[in-house]
There are 2 protein chains.
Amino acid sequence: MRIEDEIKQKTFKDPYNKLVVNLLYTHSYIVSNQSALFKPLGLSPEQYNVLRILRGQHGKPITVSSIQERMLNKMSNASRLVEKLKQKDLVLREECPSDRRQVDIMITAKGLEVLEELETAVYAFNRNIVKLTESETNQLNELLDKLRG
Amino acid sequence: MRIEDEIKQKTFKDPYNKLVVNLLYTHSYIVSNQSALFKPLGLSPEQYNVLRILRGQHGKPITVSSIQERMLNKMSNASRLVEKLKQKDLVLREECPSDRRQVDIMITAKGLEVLEELETAVYAFNRNIVKLTESETNQLNELLDKLRG
DNA sequence: TTGTATTTAATGTATATACATGCAAATGTA
DNA sequence: TACATTTGCATGTATATACATTAAATACAA
(Lines give C-alpha, C1' and ligand atoms only; values in the text may rest on other atoms or scores of the structure.)
Protein backbone atom coordinates (compact mmCIF):
# COMPACT_ATOMS: atom_id res chain seq x y z
CA MET A 1 0.00 0.00 0.00
CA ARG A 2 1.25 3.44 -0.91
CA ILE A 3 2.61 5.45 2.00
CA GLU A 4 0.35 8.33 0.92
CA ASP A 5 -2.70 6.16 1.58
CA GLU A 6 -1.35 4.56 4.74
CA ILE A 7 -0.94 7.87 6.51
CA LYS A 8 -3.52 9.76 4.45
CA GLN A 9 -1.13 12.40 3.26
CA LYS A 10 -1.77 13.42 -0.32
CA THR A 11 1.64 14.67 -1.37
CA PHE A 12 5.19 15.09 -0.19
CA LYS A 13 7.65 17.90 -0.75
CA ASP A 14 9.83 15.63 -2.88
CA PRO A 15 10.84 11.96 -3.15
CA TYR A 16 13.52 12.38 -0.48
CA ASN A 17 11.10 13.68 2.09
CA LYS A 18 8.67 10.96 1.18
CA LEU A 19 11.42 8.41 1.61
CA VAL A 20 12.30 9.46 5.14
CA VAL A 21 8.64 9.22 6.14
CA ASN A 22 8.37 5.90 4.34
CA LEU A 23 11.37 4.53 6.21
CA LEU A 24 10.05 5.66 9.58
CA TYR A 25 6.68 4.15 8.79
CA THR A 26 8.12 0.87 7.55
CA HIS A 27 10.28 0.64 10.64
CA SER A 28 7.20 1.01 12.79
CA TYR A 29 5.46 -1.68 10.72
CA ILE A 30 8.29 -4.08 11.50
CA VAL A 31 8.89 -3.36 15.15
CA SER A 32 5.24 -3.32 16.13
CA ASN A 33 4.88 -6.78 14.65
CA GLN A 34 8.14 -7.90 16.22
CA SER A 35 7.01 -7.36 19.77
CA ALA A 36 4.86 -10.50 19.82
CA LEU A 37 7.93 -12.46 18.84
CA PHE A 38 10.24 -11.30 21.59
CA LYS A 39 7.87 -10.84 24.46
CA PRO A 40 7.35 -14.53 25.36
CA LEU A 41 11.06 -14.97 26.09
CA GLY A 42 11.33 -11.73 28.00
CA LEU A 43 13.96 -10.26 25.71
CA SER A 44 13.80 -6.96 23.88
CA PRO A 45 14.86 -6.89 20.21
CA GLU A 46 18.00 -5.02 21.15
CA GLN A 47 18.88 -7.57 23.84
CA TYR A 48 18.52 -10.28 21.21
CA ASN A 49 20.81 -8.30 18.96
CA VAL A 50 23.46 -8.06 21.67
CA LEU A 51 23.32 -11.83 22.15
CA ARG A 52 23.87 -12.27 18.42
CA ILE A 53 26.85 -9.93 18.49
CA LEU A 54 28.32 -11.93 21.35
CA ARG A 55 27.80 -15.25 19.63
CA GLY A 56 29.51 -13.83 16.55
CA GLN A 57 32.64 -13.53 18.67
CA HIS A 58 32.93 -17.33 18.90
CA GLY A 59 34.12 -17.29 22.47
CA LYS A 60 36.33 -14.23 22.09
CA PRO A 61 35.32 -11.61 24.65
CA ILE A 62 34.21 -8.17 23.51
CA THR A 63 34.09 -4.87 25.36
CA VAL A 64 30.97 -2.86 26.09
CA SER A 65 32.03 -0.10 23.71
CA SER A 66 32.57 -2.56 20.86
CA ILE A 67 29.08 -3.92 21.44
CA GLN A 68 27.75 -0.37 21.32
CA GLU A 69 29.46 0.22 17.96
CA ARG A 70 27.79 -2.79 16.42
CA MET A 71 24.36 -2.28 17.82
CA LEU A 72 21.52 -1.50 15.47
CA ASN A 73 20.24 1.31 17.61
CA LYS A 74 23.20 3.56 18.33
CA MET A 75 21.31 5.44 21.00
CA SER A 76 20.55 2.61 23.33
CA ASN A 77 22.76 1.93 26.26
CA ALA A 78 24.99 -1.12 25.89
CA SER A 79 26.03 -0.99 29.53
CA ARG A 80 22.45 -1.31 30.76
CA LEU A 81 21.51 -3.91 28.16
CA VAL A 82 24.44 -6.06 29.26
CA GLU A 83 23.36 -5.65 32.87
CA LYS A 84 19.86 -6.90 31.97
CA LEU A 85 21.33 -9.91 30.17
CA LYS A 86 23.64 -10.66 33.09
CA GLN A 87 20.67 -10.67 35.47
CA LYS A 88 19.20 -13.43 33.32
CA ASP A 89 22.55 -15.31 33.27
CA LEU A 90 22.77 -14.94 29.51
CA VAL A 91 26.15 -13.21 29.59
CA LEU A 92 29.30 -13.05 31.70
CA ARG A 93 31.00 -9.80 32.53
CA GLU A 94 34.57 -9.55 33.77
CA GLU A 95 37.27 -6.95 34.09
CA CYS A 96 39.61 -6.84 31.13
CA PRO A 97 43.12 -7.76 32.39
CA SER A 98 45.03 -5.59 29.91
CA ASP A 99 42.96 -2.48 30.55
CA ARG A 100 41.04 -2.32 33.76
CA ARG A 101 38.68 0.36 32.46
CA GLN A 102 37.27 -2.10 30.00
CA VAL A 103 34.89 -4.96 30.71
CA ASP A 104 34.96 -8.20 28.75
CA ILE A 105 31.57 -9.62 27.89
CA MET A 106 30.88 -13.20 26.82
CA ILE A 107 27.73 -15.14 26.07
CA THR A 108 26.95 -18.07 28.39
CA ALA A 109 25.73 -21.55 27.41
CA LYS A 110 22.30 -20.48 28.57
CA GLY A 111 22.56 -17.40 26.37
CA LEU A 112 23.35 -19.56 23.36
CA GLU A 113 20.37 -21.77 24.15
CA VAL A 114 17.95 -18.83 24.36
CA LEU A 115 19.40 -17.43 21.16
CA GLU A 116 18.84 -20.67 19.26
CA GLU A 117 15.34 -20.96 20.66
CA LEU A 118 14.48 -17.50 19.35
CA GLU A 119 16.38 -17.64 16.13
CA THR A 120 14.15 -19.96 14.12
CA ALA A 121 11.15 -17.83 14.99
CA VAL A 122 13.00 -14.63 14.09
CA TYR A 123 14.10 -16.05 10.74
CA ALA A 124 10.55 -17.06 9.91
CA PHE A 125 9.19 -13.72 11.05
CA ASN A 126 11.67 -11.78 8.92
CA ARG A 127 10.89 -13.95 5.94
CA ASN A 128 7.16 -13.34 6.30
CA ILE A 129 7.09 -9.68 7.21
CA VAL A 130 8.82 -8.76 3.93
CA LYS A 131 6.40 -9.13 1.04
CA LEU A 132 9.00 -9.01 -1.69
CA THR A 133 10.66 -11.40 -4.07
CA GLU A 134 14.25 -12.33 -3.38
CA SER A 135 15.44 -10.18 -6.22
CA GLU A 136 13.51 -7.16 -4.96
CA THR A 137 14.88 -7.81 -1.48
CA ASN A 138 18.43 -7.77 -2.80
CA GLN A 139 17.72 -4.57 -4.65
CA LEU A 140 16.29 -2.96 -1.52
CA ASN A 141 19.33 -4.01 0.50
CA GLU A 142 21.60 -2.35 -2.04
CA LEU A 143 19.59 0.85 -2.05
CA LEU A 144 19.61 1.06 1.75
CA ASP A 145 23.37 0.54 1.83
CA LYS A 146 23.77 3.29 -0.72
CA LEU A 147 21.33 5.61 1.04
CA ARG A 148 23.61 5.85 4.09
CA GLY A 149 26.54 6.84 1.88
CA MET B 1 28.68 1.15 3.11
CA ARG B 2 27.52 -2.45 3.21
CA ILE B 3 25.48 -3.35 6.25
CA GLU B 4 27.81 -6.32 6.79
CA ASP B 5 30.71 -3.93 7.30
CA GLU B 6 28.75 -1.40 9.33
CA ILE B 7 27.84 -3.88 12.02
CA LYS B 8 30.74 -6.27 11.36
CA GLN B 9 28.58 -9.27 10.66
CA LYS B 10 29.97 -11.43 7.87
CA THR B 11 26.83 -13.12 6.61
CA PHE B 12 23.08 -13.24 7.04
CA LYS B 13 20.72 -16.18 6.96
CA ASP B 14 19.14 -14.89 3.74
CA PRO B 15 18.36 -11.57 2.00
CA TYR B 16 15.13 -11.16 3.99
CA ASN B 17 16.87 -11.39 7.32
CA LYS B 18 19.55 -9.06 6.08
CA LEU B 19 16.87 -6.63 4.99
CA VAL B 20 15.17 -6.42 8.38
CA VAL B 21 18.53 -5.70 10.00
CA ASN B 22 19.32 -3.21 7.27
CA LEU B 23 16.02 -1.40 7.85
CA LEU B 24 16.51 -1.23 11.59
CA TYR B 25 20.03 0.05 11.09
CA THR B 26 19.04 2.63 8.51
CA HIS B 27 16.24 3.83 10.78
CA SER B 28 18.76 4.36 13.54
CA TYR B 29 21.03 6.22 11.10
CA ILE B 30 18.20 8.63 10.35
CA VAL B 31 16.77 9.20 13.80
CA SER B 32 20.11 9.64 15.51
CA ASN B 33 20.94 12.38 13.04
CA GLN B 34 17.46 13.85 13.37
CA SER B 35 17.76 14.60 17.05
CA ALA B 36 19.98 17.65 16.47
CA LEU B 37 17.30 19.04 14.23
CA PHE B 38 14.38 18.81 16.63
CA LYS B 39 16.05 19.44 19.92
CA PRO B 40 16.53 23.22 19.61
CA LEU B 41 12.78 23.77 19.29
CA GLY B 42 11.95 21.36 22.09
CA LEU B 43 9.81 19.12 19.92
CA SER B 44 10.21 15.40 19.42
CA PRO B 45 9.99 14.03 15.86
CA GLU B 46 6.63 12.49 16.65
CA GLN B 47 5.32 15.79 18.03
CA TYR B 48 6.39 17.42 14.78
CA ASN B 49 4.56 14.70 12.92
CA VAL B 50 1.36 15.34 14.87
CA LEU B 51 1.57 19.03 14.05
CA ARG B 52 1.87 18.14 10.36
CA ILE B 53 -1.15 15.89 10.59
CA LEU B 54 -3.11 18.71 12.18
CA ARG B 55 -2.07 21.24 9.58
CA GLY B 56 -3.14 18.79 6.89
CA GLN B 57 -6.66 19.16 8.22
CA HIS B 58 -6.79 22.79 7.05
CA GLY B 59 -8.74 23.95 10.07
CA LYS B 60 -10.96 20.92 10.27
CA PRO B 61 -10.67 19.37 13.73
CA ILE B 62 -9.51 15.78 14.10
CA THR B 63 -9.98 13.34 16.97
CA VAL B 64 -7.20 11.79 19.02
CA SER B 65 -7.85 8.33 17.57
CA SER B 66 -7.63 9.63 13.99
CA ILE B 67 -4.30 11.20 14.83
CA GLN B 68 -3.14 7.89 16.25
CA GLU B 69 -4.08 6.10 13.02
CA ARG B 70 -1.97 8.43 10.94
CA MET B 71 1.05 8.55 13.17
CA LEU B 72 4.28 7.08 11.92
CA ASN B 73 4.94 5.24 15.14
CA LYS B 74 1.79 3.30 15.90
CA MET B 75 2.94 2.50 19.40
CA SER B 76 3.31 5.97 20.73
CA ASN B 77 0.54 7.58 22.66
CA ALA B 78 -1.40 10.26 20.78
CA SER B 79 -3.20 11.38 23.91
CA ARG B 80 0.03 12.22 25.71
CA LEU B 81 1.62 13.77 22.65
CA VAL B 82 -1.36 16.08 22.26
CA GLU B 83 -1.12 16.98 25.93
CA LYS B 84 2.55 17.96 25.46
CA LEU B 85 1.65 20.09 22.46
CA LYS B 86 -1.17 21.73 24.36
CA GLN B 87 1.18 22.66 27.18
CA LYS B 88 3.23 24.54 24.60
CA ASP B 89 0.08 26.20 23.16
CA LEU B 90 0.66 24.56 19.80
CA VAL B 91 -2.73 22.85 19.73
CA LEU B 92 -6.27 23.35 21.01
CA ARG B 93 -8.27 20.54 22.51
CA GLU B 94 -12.02 20.68 22.95
CA GLU B 95 -14.87 18.32 23.56
CA CYS B 96 -16.55 17.12 20.39
CA PRO B 97 -20.17 18.34 20.45
CA SER B 98 -21.62 15.39 18.53
CA ASP B 99 -19.90 12.75 20.67
CA ARG B 100 -18.70 13.83 24.06
CA ARG B 101 -16.26 10.91 24.31
CA GLN B 102 -14.27 12.35 21.49
CA VAL B 103 -11.91 15.30 21.64
CA ASP B 104 -11.39 17.64 18.72
CA ILE B 105 -7.84 18.74 18.20
CA MET B 106 -6.74 21.74 16.15
CA ILE B 107 -3.41 23.39 15.51
CA THR B 108 -3.01 26.96 16.78
CA ALA B 109 -1.43 29.92 14.99
CA LYS B 110 1.62 29.41 17.16
CA GLY B 111 1.66 25.75 16.15
CA LEU B 112 1.67 26.72 12.50
CA GLU B 113 4.51 29.14 13.11
CA VAL B 114 6.66 26.55 14.85
CA LEU B 115 5.90 24.08 12.09
CA GLU B 116 7.01 26.48 9.39
CA GLU B 117 10.11 27.35 11.33
CA LEU B 118 11.07 23.69 11.51
CA GLU B 119 9.95 22.63 8.11
CA THR B 120 12.64 24.18 5.96
CA ALA B 121 15.28 22.59 8.15
CA VAL B 122 13.53 19.22 8.03
CA TYR B 123 13.26 19.34 4.24
CA ALA B 124 16.95 20.13 3.91
CA PHE B 125 17.86 17.45 6.42
CA ASN B 126 15.84 14.80 4.59
CA ARG B 127 17.34 15.83 1.31
CA ASN B 128 20.87 15.52 2.65
CA ILE B 129 20.57 12.41 4.78
CA VAL B 130 19.57 10.35 1.72
CA LYS B 131 22.59 9.79 -0.51
CA LEU B 132 20.66 8.64 -3.54
CA THR B 133 19.68 9.99 -6.92
CA GLU B 134 16.07 10.97 -7.39
CA SER B 135 15.44 7.90 -9.51
CA GLU B 136 16.91 5.58 -6.88
CA THR B 137 14.84 7.35 -4.24
CA ASN B 138 11.66 6.72 -6.21
CA GLN B 139 12.64 3.10 -6.64
CA LEU B 140 13.27 2.73 -2.91
CA ASN B 141 9.89 4.29 -2.12
CA GLU B 142 8.18 1.76 -4.34
CA LEU B 143 10.01 -1.17 -2.81
CA LEU B 144 9.14 -0.04 0.72
CA ASP B 145 5.47 0.32 -0.22
CA LYS B 146 5.53 -3.16 -1.69
CA LEU B 147 7.44 -4.62 1.27
CA ARG B 148 4.52 -3.91 3.61
CA GLY B 149 2.13 -5.71 1.32
C1' DT C 1 57.50 12.34 37.59
C1' DT C 2 53.39 15.20 37.88
C1' DG C 3 49.49 17.16 36.25
C1' DT C 4 46.09 17.18 32.50
C1' DA C 5 43.39 15.07 29.08
C1' DT C 6 41.15 11.19 27.30
C1' DT C 7 38.90 6.84 27.39
C1' DT C 8 35.68 3.43 29.29
C1' DA C 9 31.83 2.05 31.68
C1' DA C 10 28.33 2.97 35.05
C1' DT C 11 24.85 5.79 36.85
C1' DG C 12 21.50 9.80 37.58
C1' DT C 13 17.65 11.99 35.72
C1' DA C 14 14.11 13.35 32.82
C1' DT C 15 11.28 11.93 29.30
C1' DA C 16 9.19 8.49 26.18
C1' DT C 17 7.16 4.33 25.28
C1' DA C 18 4.52 -0.16 25.86
C1' DC C 19 0.89 -2.02 27.77
C1' DA C 20 -2.86 -2.42 30.98
C1' DT C 21 -6.53 -0.35 33.31
C1' DG C 22 -10.08 3.06 34.40
C1' DC C 23 -13.88 5.93 33.39
C1' DA C 24 -17.37 8.21 30.99
C1' DA C 25 -20.26 8.34 26.92
C1' DA C 26 -22.48 6.02 23.36
C1' DT C 27 -24.48 1.94 21.33
C1' DG C 28 -26.94 -2.32 21.15
C1' DT C 29 -30.30 -5.55 22.89
C1' DA C 30 -33.99 -7.47 25.44
C1' DT D 1 -36.47 1.35 30.02
C1' DA D 2 -32.52 -1.45 32.01
C1' DC D 3 -28.27 -3.35 31.47
C1' DA D 4 -24.38 -5.22 29.07
C1' DT D 5 -21.01 -4.07 25.51
C1' DT D 6 -18.24 -1.09 22.91
C1' DT D 7 -15.79 3.09 22.01
C1' DG D 8 -12.70 7.09 22.95
C1' DC D 9 -9.64 9.05 25.72
C1' DA D 10 -6.86 9.55 29.91
C1' DT D 11 -3.89 7.70 33.21
C1' DG D 12 -1.01 4.31 36.07
C1' DT D 13 3.02 1.72 35.97
C1' DA D 14 7.02 -0.49 34.57
C1' DT D 15 10.58 -0.28 31.44
C1' DA D 16 13.44 1.89 27.86
C1' DT D 17 15.76 5.59 26.01
C1' DA D 18 18.36 10.12 25.55
C1' DC D 19 21.56 12.71 27.40
C1' DA D 20 24.61 14.39 30.98
C1' DT D 21 27.61 13.37 34.62
C1' DT D 22 30.70 10.66 37.45
C1' DA D 23 34.52 7.71 38.60
C1' DA D 24 38.30 5.08 37.57
C1' DA D 25 42.09 3.84 34.57
C1' DT D 26 45.12 5.04 31.13
C1' DA D 27 47.68 8.04 27.89
C1' DC D 28 50.28 11.83 27.14
C1' DA D 29 52.84 16.12 27.59
C1' DA D 30 55.64 19.26 30.28
Side-chain angles (χ1 to χ4, degrees), chain A residues 24 27-50 53-54 61-88 91-106, chain B residues 24 27-50 61-88 91-106:
Chain A
L24 298 179
H27 175 263
S28 175
Y29 160 78
I30 289 175
V31 298
S32 40
N33 283 289
Q34 255 185 346
S35 62
L37 192 64
F38 288 101
K39 216 182 157 189
L41 277 156
L43 284 184
S44 71
E46 204 60 84
Q47 284 175 21
Y48 167 78
N49 184 37
V50 169
I53 292 169
L54 293 175
I62 182 173
T63 64
V64 172
S65 60
S66 299
I67 293 173
Q68 185 90 46
E69 275 173 21
R70 300 187 190 186
M71 278 169 45
L72 298 179
N73 182 353
K74 296 296 181 219
M75 294 314 221
S76 68
N77 190 321
S79 180
R80 279 192 172 109
L81 279 174
V82 165
E83 171 61 20
K84 293 281 173 189
L85 292 171
K86 187 175 151 56
Q87 281 169 18
K88 296 171 199 154
V91 305
L92 289 174
R93 187 171 51 188
E94 52 189 56
E95 193 176 83
C96 177
S98 64
D99 184 339
R100 284 168 50 217
R101 286 172 304 184
Q102 299 185 8
V103 181
D104 280 343
I105 314 295
M106 274 174 298
Chain B
L24 298 179
H27 175 262
S28 175
Y29 161 77
I30 290 175
V31 298
S32 43
N33 282 290
Q34 255 185 346
S35 62
L37 192 63
F38 288 102
K39 218 184 154 185
L41 277 156
L43 284 185
S44 70
E46 204 60 84
Q47 285 175 20
Y48 168 77
N49 185 37
V50 169
I62 182 174
T63 63
V64 173
S65 58
S66 299
I67 294 173
Q68 184 90 46
E69 276 173 21
R70 301 187 189 186
M71 278 168 45
L72 298 179
N73 183 354
K74 295 298 180 213
M75 295 312 222
S76 67
N77 192 322
S79 180
R80 280 191 172 108
L81 279 174
V82 166
E83 170 62 21
K84 293 281 173 187
L85 292 170
K86 188 174 151 60
Q87 281 170 18
K88 294 170 201 156
V91 305
L92 290 174
R93 187 171 52 187
E94 52 189 53
E95 195 176 83
C96 177
S98 63
D99 183 338
R100 284 167 50 220
R101 287 172 306 183
Q102 298 185 6
V103 182
D104 280 342
I105 313 295
M106 275 173 297

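Below, read A as the first sequence line, B as the second, and so on, with proteins coming before strands; counting in each chain starts at 1.
- Nearer to the 5' terminus of DNA chain C, by closest-nucleotide assignment, is the contact made by A:Q102 (compared with the other of A:Q102 and A:E83).
- Whole-Å rounding puts the B:E46 CD to D:dT17 P distance at 16 Å.
- When the C1' atom of D:dA18 is taken as reference, atom CG of B:L43 falls 16 Å away, rounded to whole Å.
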Nucleic acid footprint by protein, nucleotides 21-26 of chain C - heavy-atom cut-off 4.0 Å, B for base, S for sugar-phosphate alone: ----BS
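- Atom CD1 of A:I105 and atom OG1 of A:T63 lie 8.0 Å apart (nearest 0.5 Å).
- Using a 4.5 Å heavy-atom threshold, the side chains of A:L54 and A:I67 count as touching.
- For A:Q34 and C:dC19, the CD to C1' distance is 17 Å, given to the nearest whole Å.
- For A:E95 and D:dA24, the CD to P distance is 13 Å, given to the nearest whole Å.
- Whole-Å rounding puts the B:R80 CZ to C:dT15 C1' distance at 11 Å.
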Could you write out each protein N or O paired with an N or O of nucleotides 20-23 of chain D at a distance under 3.5 Å?
none

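- Residue whose closest nucleotide on DNA chain C sits further toward the 5' end, between A:A36 and A:T63: A:T63.
- Residue contacts shown for A:S44 are absent, as no nucleic acid heavy atom lies under 4.0 Å away.
- Taken from CD in A:E46 to CG in A:N77, the straight-line distance is 11.0 Å, to the nearest 0.5 Å.
- Summarising the geometry, the separation between NZ on A:K86 and P on C:dT11 is reported as 12 Å, rounded to the nearest angstrom.
- Residue B:S65 places at least one side-chain N or O closer than 4.0 Å to OP1 or OP2 of D:dC9.
- Looking at B:V103 and B:E95, their side chains never come closer than 4.5 Å, going by heavy atoms from C-beta outward.
- Distance A:Q68 CD to C:dT8 P: 12 Å, rounded to the nearest Å.
- Note: A:S44 OG to A:L85 CG = 7.5 Å, rounded to the nearest 0.5 Å.
- Although no hydrogens or angles enter the test, the distance criterion places a donor-acceptor pair under 3.5 Å between the side chain of A:Q68 and the main chain of A:A78.
- Across all strands shown, B:S79 has heavy atoms under 4.0 Å from base atoms, whether or not it also approaches the sugar-phosphate.
- Atom CD of residue B:E69 and atom CD1 of residue B:I62 lie 8.5 Å apart, to the nearest 0.5 angstrom.
- Taking CG of B:L43 as the reference point, atom NZ of B:K84 lies at 12.0 Å (rounded to 0.5 Å).
- One atom, CG of B:L81, and another, P of D:dC9, lie 14 Å apart when rounded to the nearest Å.
- Judged by distance alone, with hydrogens and angles left aside, B:R93 brings no side-chain donor or acceptor close enough to the base of D:dG8 to form a pair under 3.5 Å.
- Within the 4.5 Å cutoff, the side chain of B:L24 has heavy atoms near those of the A:Q34 side chain.
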